[in-house]
Amino acid sequence: MEEAPLRKLLLHLIGFSIYVLIGGAVFMQIEKEEDQNAAEQTLDDVVLKWMKTCNISRENVTNMLQDFRSLKENGYKPSWSFINSVYFVLQLLTTIGYGNITPATDVGQVFTIIYAFPGIPITLLALRAVGKLVNIGLKKANRPLHRKRHGMACPETQCPFLEKANMCINLCCFVLTWVVVTTVQARLEPEKSVVFIVYSMFVTYSTVGFGDFIPFEKHKSIFIVFVLPGLSFLSGLIDSVVAYLEKSNVLGKRCYKCVSYLGVKMKAKKARINSAVAVKAQENQDTVETDINAEHAV
């Protein structure tokens with residue numbers, strides 16, 4: 001692999017990381033004020049209701065509801081902290097889109113549209129770059145095994161051994177990541193069944209994101225750590241499958257040409273044999289006719 005393409009792949013990864021962090025910071029600033037206004041509005045309504053119903057002072061009601069703001073922030077709709085904003089950005093750029101956190105302001109919704117248009121292609125390029133980097137490393141690691149199994153004379157450009165090895169390793173890594181994520185989530189959320197956890201991670205890694213089950217909803221930092229490696233191994237698996245199919249297609253064409261060539265050669269050889277047999281038969285017939293004529297002459 002040349003240095004320039006490798007540098008290009010690394011730039012894709014760096015650009016994607018910077019884009020995610022900038023997007024998280026912007027969404028946090030846009031939606032945070034709306035979060036605070038909603039919490040304060042709800043708190044004022046509750047205070048007035050308690051004052052009228054129980055005929056107590058505002059100070060007493062405020063003391064009784066001192067944990068209300070934190071409870072609101074940890075409710076169904078998460079607050080727009082930086083970690084939650086990055087969590088939303090990853091849902092947006094990977095097209096998972098659970099829907100458990102969404103922009104509520106007009107500015108946030110408009111910025112979502114503007115941000116997603118270049119962001120989704122950047123994410124796809126970054127995941128593809130990760131897959132290619134993984135496969136480049138695996139090829140270097142598997143090259144001695146290829147030479148040992150197939151010999152030094154086997155051309156790497158025509159033999160699909162490395163692509164097959166990459167497919168197997170990427171598949172194993174993806175499954176292993178899935179198992180590790182399932183184990184971690186089962187430890188953090190023991191009330192959820194294993195089927196639920198496996199299903200929720202399938203919805204995540206396939207980027208379907210129904211939103212009915214959300215993995216690591218209360219542990220978003222862990223979700224951010226695990227979602228990208230799984231998607232990267234999946235991208236590497238797809239990249240290795242495509243490379244194998246392309247090389248197999250080339251091999252198929254070569255084999256077809258070889259078989260066609262051999263078929264033509266066999267037909268030509270058969271024609272030559274038939275021609276030689278016909279000539280030999282004609283010679284034998286001429287010899288017999290000559291002998292018969294000689295006997296008649298005698």
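What's counted below: heavy atoms across the whole structure, side chains too, no hydrogens, waters or symmetry copies.
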Please report the closest heavy-atom contact between [X] and [Y], naming both atoms and the distance.
X	Y	value
Glu189	Lys218	OE2-N, 4.5 Å
Gln185	Ser200	OE1-OG, 3.9 Å
Thr204	Pro215	OG1-CG, 3.4 Å
Thr112	Pro103	OG1-CG, 3.4 Å
Leu92	Ala116	CD1-CB, 4.0 Å
Phe82	Ala25	CE1-N, 3.6 Å

Could you check if a side-chain atom of [X] sits within less than 4.5 angstrom of a side-chain atom of [Y], using non-hydrogen atoms only?
X	Y	value
Thr207	Leu231	yes
Tyr205	Val181	yes
Leu145	Phe161	yes
Phe233	Leu171	no
Val241	Asn166	no
Tyr19	Pro118	yes
Ile238	Arg128	no
Leu138	Leu162	no

(request) Check step by step if side-chain contact (heavy atoms from CB on, under 4.5 Å) holds for Leu234 and Asn170. (result) CA-CA 7 Å; Leu234 184 60; Asn170 278 310; over 6 Å; no
(message) Please verify the inter-ring angle class for Trp178 with Phe202; under 30° counts as parallel, over 60° as perpendicular, anything in between as tilted.
(response)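 Plane angle under 30°, so parallel.
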(request) Could you label the plane-to-plane angle of the Tyr115 and Phe27 rings as parallel, tilted or perpendicular, counting under 30° as parallel and over 60° as perpendicular? (result)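 Taking Phe27 first and then Tyr115, their aromatic rings stand perpendicular (interplane angle over 60°).
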Is [Y] reachable from [X] through a run of hydrophobic residues whose side-chain heavy atoms are each under 4.5 Å from the next?
X	Y	answer
Ile101	Val225	no
Ile18	Met28	yes
Phe111	Phe88	yes
Ile120	Val89	no
Val175	Leu237	yes

(request) Could you tell me whether Glu163 and Lys139 make a salt bridge, using a distance below 4.0 angstrom between a side-chain N and a carboxylate O? (result)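 Looking at Glu163 and Lys139, the cut-off is met.
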Could you give the distance from [atom1] ([X]) to [atom2] ([Y]), rounded to the nearest 0.5 Å?
X	Y	atom1	atom2	answer
Ile22	Ser17	CD1	OG	11.0 Å
Tyr244	Met167	OH	CE	5.5 Å
His219	Leu188	NE2	CG	4.5 Å
Ser85	Leu90	OG	CG	11.0 Å
Ile96	Tyr87	CD1	OH	8.5 Å
Asp239	Lys132	CG	NZ	4.5 Å

(request) Please lay out, stage by stage, how Ser232 and Val134 fare under the test side-chain contact (heavy atoms from CB on, under 4.5 Å). (result) CA-CA 9 Å; Ser232 299; Val134 170; 5.9 Å; no
(request) Please report the C-alpha distance between Gln91 and Asn100 in whole Å, then the side-chain angles of each, then the deciding distance to 0.1 Å, and finally whether the side-chain contact (heavy atoms from CB on, under 4.5 Å) criterion is met. (result) CA-CA 10 Å; Gln91 287 191 41; Asn100 60 326; 3.2 Å; yes
(message) For Trp80, is there any backbone N or O sitting under 3.5 Å from a side-chain donor or acceptor partner on Asn84?
(response)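 Checking the backbone N and O of Trp80 against the side chain of Asn84, no donor-acceptor pair under 3.5 Å is found.
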(request) State whether the side chain of Thr102 and the backbone N or O of Gly99 hold a donor-acceptor pair below 3.5 Å, judged by distance alone. (result) no
(request) Using the side-chain contact (heavy atoms from CB on, under 4.5 Å) rule, take Val184 and Phe216 through it: C-alpha gap first, then chi angles, then the decisive distance, then the call. (result) CA-CA 10 Å; Val184 172; Phe216 299 107; 4.0 Å; yes
(message) Counting neighbours of CZ on Arg143 that are heavy atoms of other residues, nucleotides or ligands and sit closer than 6.0 Å, is the number greater than 12?
(response) yes
